[in-house]
Amino acid sequence: MDMWASVGPVAVFIVLLAVVAVLRPAFLGGGGIGILAIQATPILLVAMGQAIVLHVGSIDLSNAAMAVLAAILLAKALGPLGAPAPLVCIAVVTVIGAVNGWLIAFAQVPSFALTLGTLGILQAASLVISKATTVYVTANGDLLSPLFGTALASLPAAFWVGVILAVLLWAMLRFTQLGQGMTAVGLNETGALFSGLRTRWLKVLAFALSGLLAGVAGVMIIAQGGAASTNGLGSDLLLPGIAAAIVGGTAITGGATNPVNVVFGALTVALVPIAAAAVGVTPQAQSLVYGLVIIIAVALTMSRSSGVVK
Amino acid sequence: MTDTDSSVKQTATADRAGSRRLENPGHRRFEWKSLGELGALIVLLVVFTALNPGSFLTGANVRTVLDQASQPLIVGVGATLVILMGSIDLSVEGVMGAAGMTFVLLSANSRHTVDLGPWAIVAAMLVGIALGLLSGLIHTRLKVPSFIVTLGVWFVGLGIATLLFGESAIPFLPDGSLKSWPTNHTLGLPNSFWLAAVVVVAGALVARFTRLGRFTYAIGNNEEIARDNGVPVGRFKLYVFVFAGACSALAGVLATLELGAGSTTVGIGNLFLTIAAVVIGGTSLGGGKGGILRTALGVMLLTVLNNGLILTGVSPNLQSAVSGTVLILAIVAASWPNRSSLRIVK
């Protein structure tokens, strides 16, 4: 387990990349890594939020819908509000995430059921706000263009934003009381409660962070596409997000998360369709492959110490 | 999936566990709690009739509501059994897509693939059973939590449907007796509703009188005690997942017949509606308490609510918000009395 947690996600990514490089030599030469990083960026942000929620032993089925809602709000607000618009949109979904966490922690309901309900509300909100069409950014679009327009080491700035956030999250989990409290909640919530930790508020914080990162993912969607809709760019991030968190070594039982490894999880998940095409699987099988990847990754990596599995 | 740390749960909530043991689910089925939902349904009917005097309580609209309720009713039978067992099945929309697509491609259709006649329905059911078997085997043998397994199988099902669909034109069912069967009337009510009613009654009888049903309640109430008493927990969990897969597949065939064409997303919206209906009906997400007839009431409540709101002029885009809000209110209301400062819910 320890070996897997530290080097597993990196190794999986390198092996998959090697397979693609051998079968499709043009991928590495033709700037494939840069394209891969662009595709991995929204997945990475949603996956980090999911990883934090998984870290406290819950799951957030609504964070991908939050990213879409944030993107639609931003497409509407960027013109009138200008530079503060992204911050406003991120703040809105952060509050939604916090409300999720508050209900889960204080009404004591299962997270998958509550966030399934929130998912429905968010989808409807996105449909109503976007009037079920694509919303285009009308003005100030150049404010966000540096995110994907500038590159560092041939990777877009947006990807580096994700990497920096991952390092910050890692430092928070590793060095701060809040982070270590979250780890305690994930490893043994009863023990954390008896130790006097404010476990309920730590859960609220985890869900609020999930909302915040989903908001950043929404900003990236707009920066990348300049438009948002309920079925366009970024509308199917839920499963890739969970897959990236788990392939990145996050235990669904909680308490074991390395946000830096989630970066490699996201890169692997973004590479899966490319690798699948390279070994001759049609792109139509993409959701089938994602579904199997999740099941296999969880089956291989989860610890089975607890007796009853529901 | 709710209460995990069993030792603490037992000490911290001993009084609650004691009162729970007295509540035999079989004998409590129609007490005041379910009358509450019946009352809510009647209130909804009165309110929407008052708001839409000419259009709500008409024969045509009643048939529309019953037809709309038929798919979630069928899915709800399997979903209730899975939740009674303390697990969850998120795969229903994927299974519906895969089964529906199998059915279209093996029936007479505009792509002229093959026509197996009624055997196409059998094949579609087998696809559902196979996917249920897959979920059940991974859950029981590899000990992966059911929400992750079925989340994966949801997308495996969608992937199978997409692969079967391929890149050719949309396969349409020909105009004929089969396509119009669900909306044709028998004794004044749509056939789709009769099919759903048969499945619901059969499911309720299975839950009440068979070993499968009683063991499902026993596993949901306390899996360790059930195992200690000789219940083959793994085997019966597998049966329930297979049963749920078959229910979803049947609903997928029905949905495809109503749509008249093959579509990967034929099951869209059913997951929300059924899980919300199961919880509103009063089946506990922790397992062991509730029943299929309660879920049927929950489905009717949500279908009437959605239908009434649309007739009153609320945008259909808000449908998922209605189900979502009702789901949240229902789970919060259901768990509120059980709150305790030491209770752990994941």
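Naming: A, B, ... by sequence-line order, numbering from 1 per chain. No experiment lies behind these values; they were computed from the predicted model shown.
Residue contact with chain B, scored on non-hydrogen atoms closer than 4.5 Å, involves the backbone and the side chain of Leu292(A) alike. Using a 4.5 Å cut-off between heavy atoms, Gln319(B) does not touch chain A at all. When heavy atoms are compared at a cutoff of 4.5 Å, Ile242(A) approaches chain B solely by way of its side chain, counted from C-beta outward. Ser323(B) does not touch chain A: none of its heavy atoms, backbone or side chain, sits under 4.5 Å away. Proximity to chain A involves both the backbone and the side chain of Ile331(B), based on heavy atoms less than 4.5 angstrom apart. When heavy atoms are compared at a cutoff of 4.5 Å, Thr118(A) approaches chain B by way of both its backbone and its side chain. Both the backbone and the side chain of Leu116(A) come within less than 4.5 Å of a heavy atom in chain B. Within the 4.5 angstrom heavy-atom criterion, no atom of Leu329(B) approaches chain A. Using a 4.5 Å cut-off between heavy atoms, Val153(B) contacts chain A through both its backbone and its side chain. Looking at Leu318(B), both its backbone and its side chain come within 4.5 Å of chain A, counting heavy atoms on both sides.
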Candidate pair Thr283(B) and Lys289(B), rule side chain to side chain contact (heavy atoms under 4.5 Å, CB included), full reasoning: CA-CA 6 Å; Thr283(B) 299; Lys289(B) 276 199 288 186; over 6 Å; no
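When each of Lys131(A), Arg200(A), Gln123(A) is scored by its heavy-atom pairs under 4.5 Å with chain B, the top score falls to Arg200(A).
Remark: side-chain polar atoms of Ser58(A) are not paired, donor with acceptor, to backbone N or O of Leu54(A) under 3.5 angstrom.
With values rounded to the nearest 0.5 angstrom, Ile268(B) atom CD1 is found 13.0 Å from Leu273(B) atom CG. Here the straight-line distance linking atom OH of Tyr239(B) with atom CG of Leu133(B) works out to 11.0 Å at 0.5 Å rounding.
Judged by distance alone, the side chains of Ser135(B) and Asp89(B) never bring a donor and an acceptor atom under 3.5 Å apart.
With sequence neighbours excluded, the residues forming a side chain to side chain contact (heavy atoms under 4.5 Å, CB included) with Val95(A) are Val99(A), listed by chain and number.
Annotation: Trp154(B) is not in aromatic contact with Phe147(B) [ring centroid separation under 6.0 Å not met].
Considering Phe215(B), Phe241(B), Tyr217(B) as possible partners of Phe236(B), the one that fulfils the ring pair (Phe, Tyr, Trp, His ring centres under 6.0 Å) test is Phe215(B).
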